[in-house]
Structures are given as structure tokens and as C-alpha cells.
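Heads up: the structure comes next, in C-alpha cells.
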Amino acid sequence: MWPKRLKLATWNMGGGILGESHQRNGTPSLDYYAAILKEHLPDVVCLQEAHDYHGREEGQVEYLAKCLDYPYSASFPTSESHLIDNASLALGILSRFPIRDATYGKFPNPRLETVSPHGESWKLHDKGYVVGSVDLGDRTLGLLNAHCFPLQYFGVSPTDPMFERMRGMLTDALVAIGDAGMSFAGIDANHDRIGELLGEALRPGRYASAFEGTPTTPEGVQKDHILYGHALRLLTTTAAATESDHFFCQVSVLADGG
């Protein structure tokens with residue numbers, strides 16, 4: 001019997017480092033992240049900016065899966081880390097149920113460069129998305145986990161024409177997994193108005209956005225979003241402030257007919 005009530009979450013964990021973003025060589029506090037996840041007990045979690053150490057040691061996704069008894073996990077390195085040396089930032093998934101056919105897609109990167117407020121040279125790192133499914137037994141939950149470029153630091157917008165292909169890739173992936181309405185997406189869009197990026201996917205009968213105008217960062221800005229398919233009924237939403245630079249975001253949903 002597949003579970004009719006599901007708790008689905010997304011969280012940019014910033015390499016496991018607490019405090020403001022873009023710290024260099026900070027010490028990860030993974031037990032803190034584990035404690036927040038244990039408090040909310042999500043069934044499926046999309047993680048952005050988890051560190052992967054290229055096999056030298058256990059990655060952060062694997063550590064959290066083991067610590068919290070998630071039987072299924074996946075980690076997809078996306079780019080070199082801007083937080084520490086000799087590591088990659090990864091998109092991760094933690095799940096109570098089997099993860100099927102998860103694949104990574106990379107957004108076209110225009111290789112923008114800028115100077116940080118502290119005078120450091122910044123370049124636009126690769127970003128992308130993971131698309132797959134979660135096996136609930138006699139039903140399948142489509143899943144998308146995405147991290148979009150932090151374009152606000154580079155003086156451009158994801159609504160600009162140069163990012164039309166990025167928007168199209170996300171829209172196509174969402175529509176592909178969302179035909180039956182049993183699907184969800186956890187997205188760090190680095191943009192507050194998700195409808196400006198994914199309006200086609202948010203048409204009636206496709207997806208709805210669980211958080212509209214809800215701050216998901218300590219600065220009071222929304223960057224993080226959860227979209228859910230039309231066969232899922234939204235019960236509750238949680239955007240919990242944490243010691244991280246992103247809030248922990250979660251929805252509780254009821255599958256149609258449950």
C-alpha cells in the first residue's frame with residue numbers, strides 16, 4: 001500500500017556551513033542539519049549545495065542518509081565548490097522510497113564574471129537539475145531537484161533572453177514528469193517570482209506553487225520553491241528559519257483519492 005500522505009522538502013544546505021553565504025573554508029555542522037531533518041521527518045528531500053568529496057571521504061548526502069536512516073539517496077556533483085577546496089557542490093536526494101531513473105541535466109553557462117562586495121573575483125559556476133521518480137509501490141512520484149544560477153550577483157536576471165533555454169529545460173522536464181499529476185519539484189531558483197520562469201508549467205492542470213511571497217532566506221527574500229502536481233492536494237506548508245542561509249521548506253500533501 002502506497003502512502004497517501006507525503007512530506008516533501010527542499011533545502012539549500014550551503015555545504016553544511018552555518019551562517020551567512022559564501023563563507024570560505026568554514027567548518028560543516030552536519031549534525032545540525034540532521035537535527036532539523038529529524039525534527040520535520042520529510043519522506044523525500046531535495047538538497048542543493050551538498051558537498052561531494054570525490055570519493056576521498058563520505059559525501060554530505062551519504063552522511064545524512066546514514067545518520068537519519070534514509071534507505072535511498074543520490075548525489076549529483078554540479079560544479080567545483082566556491083566554499084572549500086577539493087570538493088564539488090552537488091544536488092542530493094534523500095528518500096524513504098526507492099529512487100528510479102535519476103539523471104542530471106546541466107544548464108548552459110554563459111560564464112559571467114564579476115567582483116564580489118569584498119573585492120574577490122567571482123565566476124558563474126555550473127548549475128542544473130536532477131529529474132527522476134520515487135517508487136511508492138503501485139504509484140510513482142515524479143521528482144525534480146534544481147538549482148538555478150545566482151544571477152543577482154552578476155547584474156542580470158533569469159528572465160533575460162540569454163536564459164530562455166534554461167527556463168525551457170526546466171519547463172520541459174516538469175511537464176515530462178507531471179503528466180499524471182503525481183509529481184513535485186524542489187527548486188532554489190535564486191528568484192522570487194517563480195511564475196516568471198516557469199509560467200507554462202504552472203498553468204491550471206499542471207503544477208501549483210506552495211510558497212508565494214514567502215521569505216526563504218534570513219534577508220527576507222524568497223529563493224526557494226516547491227511545486228506540486230495536480231494529483232496532490234496541499235495540506236500544510238513549512239518555511240522554517242534555521243541557522244543556515246536558507247530556510248528549511250516542506251509541504252505535506254495528500255495524493256488524489258487518498
Side-chain angles (χ1 to χ4, degrees), residues 5-14 16-22 32-33 35-50 91-94 127 129-130 141-153 157-159 163 166-167 170-171 173-174 178 181 183-255:
R5 292 175 182 263
L6 293 167
K7 292 192 289 187
L8 311 171
T10 189
W11 198 6
N12 183 322
M13 58 181 294
I17 300 167
L18 301 181
E20 64 182 14
S21 64
H22 296 96
Y32 174 83
Y33 287 83
I36 297 295
L37 290 169
K38 188 173 183 180
E39 176 184 349
H40 293 278
L41 296 174
D43 295 303
V44 183
V45 190
C46 293
L47 297 170
Q48 300 89 34
E49 292 198 332
L91 292 169
I93 304 168
L94 305 175
K127 301 293 182 189
Y129 63 98
V130 173
L141 178 73
L143 176 149
L144 183 139
N145 178 9
H147 190 189
C148 299
F149 298 116
L151 299 174
Q152 65 273 20
Y153 299 117
S157 168
T159 61
F163 300 105
M166 178 191 76
R167 300 191 300 270
L170 277 180
T171 298
L174 285 165
S183 51
F184 101 102
I187 305 173
D188 176 357
N190 272 299
H191 191 72
D192 56 349
R193 295 177 295 279
I194 195 68
E196 293 183 345
L197 308 184
L198 300 173
E200 186 68 20
L202 289 165
R203 287 171 49 191
R206 287 186 170 173
Y207 289 87
S209 175
F211 300 97
E212 284 296 328
T214 301
T216 63
T217 65
E219 297 80 18
V221 175
Q222 181 174 11
K223 296 182 179 180
D224 308 280
H225 304 265
I226 292 180
L227 309 183
Y228 60 97
H230 64 84
L232 301 175
R233 177 152 55 92
L234 185 65
L235 300 176
T236 64
T237 62
T238 300
T242 68
E243 294 181 33
S244 170
D245 68 329
H246 283 255
F247 292 6
F248 172 82
C249 298
Q250 179 171 286
V251 298
S252 174
V253 296
L254 182 68

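This one's a predicted model, so the numbers in the text were calculated from it and none came from an experiment. Computation of the quantities below employed the complete heavy-atom set of this structure, encompassing side-chain atoms and omitting hydrogens, waters and symmetry-equivalent molecules. In what follows, residues are counted from 1 in the order of the sequence shown.
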Quick check against the 3.5 Å criterion: does [X] have a side-chain atom that pairs as donor or acceptor with the backbone of [Y]?
{"X": "Y228", "Y": "V253", "answer": "no"}
{"X": "T238", "Y": "A240", "answer": "no"}
{"X": "N145", "Y": "L47", "answer": "yes"}
{"X": "R167", "Y": "P158", "answer": "yes"}
{"X": "K7", "Y": "Q250", "answer": "no"}

Would you indicate whether the side-chain heavy atoms of [Y] and [X] approach each other to under 4.5 Å?
{"X": "T214", "Y": "F247", "value": "no"}
{"X": "S244", "Y": "I36", "value": "no"}
{"X": "H225", "Y": "T216", "value": "no"}
{"X": "V44", "Y": "L6", "value": "no"}
{"X": "L232", "Y": "V251", "value": "no"}
{"X": "K127", "Y": "P150", "value": "yes"}

Between [atom1] on residue [X] and [atom2] on residue [Y], distance to nearest 0.5 Å:
{"X": "E49", "Y": "H147", "atom1": "CD", "atom2": "NE2", "answer": "4.5 Å"}
{"X": "L37", "Y": "F248", "atom1": "CG", "atom2": "CZ", "answer": "5.5 Å"}
{"X": "N12", "Y": "L91", "atom1": "CG", "atom2": "CG", "answer": "9.5 Å"}
{"X": "Y32", "Y": "M13", "atom1": "OH", "atom2": "CE", "answer": "12.0 Å"}
{"X": "L197", "Y": "H191", "atom1": "CG", "atom2": "NE2", "answer": "4.5 Å"}
{"X": "L144", "Y": "L174", "atom1": "CG", "atom2": "CG", "answer": "5.0 Å"}

Please find the pair of heavy atoms, one from [X] and one from [Y], that lie closest to each other, and give the distance.
{"X": "P42", "Y": "A9", "result": "CB-CB, 3.8 Å"}
{"X": "H230", "Y": "G205", "result": "CD2-O, 2.8 Å"}
{"X": "A239", "Y": "P215", "result": "CB-O, 4.3 Å"}
{"X": "I226", "Y": "C249", "result": "CD1-O, 3.7 Å"}
{"X": "L151", "Y": "S157", "result": "CD1-C, 3.8 Å"}
{"X": "T171", "Y": "A201", "result": "CG2-N, 4.1 Å"}

Picking from N190, D192, D188, what satisfies side-chain contact (heavy atoms from CB on, under 4.5 Å) with D224?
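Output: one option passes, namely D188.
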
Could you tell me whether E200 and R206 have a side-chain N and a carboxylate O separated by less than 4.0 Å?
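Salt bridge present between E200 and R206.
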
Indicate whether any N or O donor in one side chain lies under 3.5 Å from an N or O acceptor in the other, for Q48 and T10.
yes

Any side-chain donor near an acceptor of the partner, Y207 and S183, under 3.5 Å
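Looking only at side-chain atoms, S183 and Y207 do form a donor-acceptor pair, the distance falling under 3.5 Å.
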
Which of parallel (below 30°), tilted (30 to 60°) and perpendicular (above 60°) describes F149 and F163?
tilted

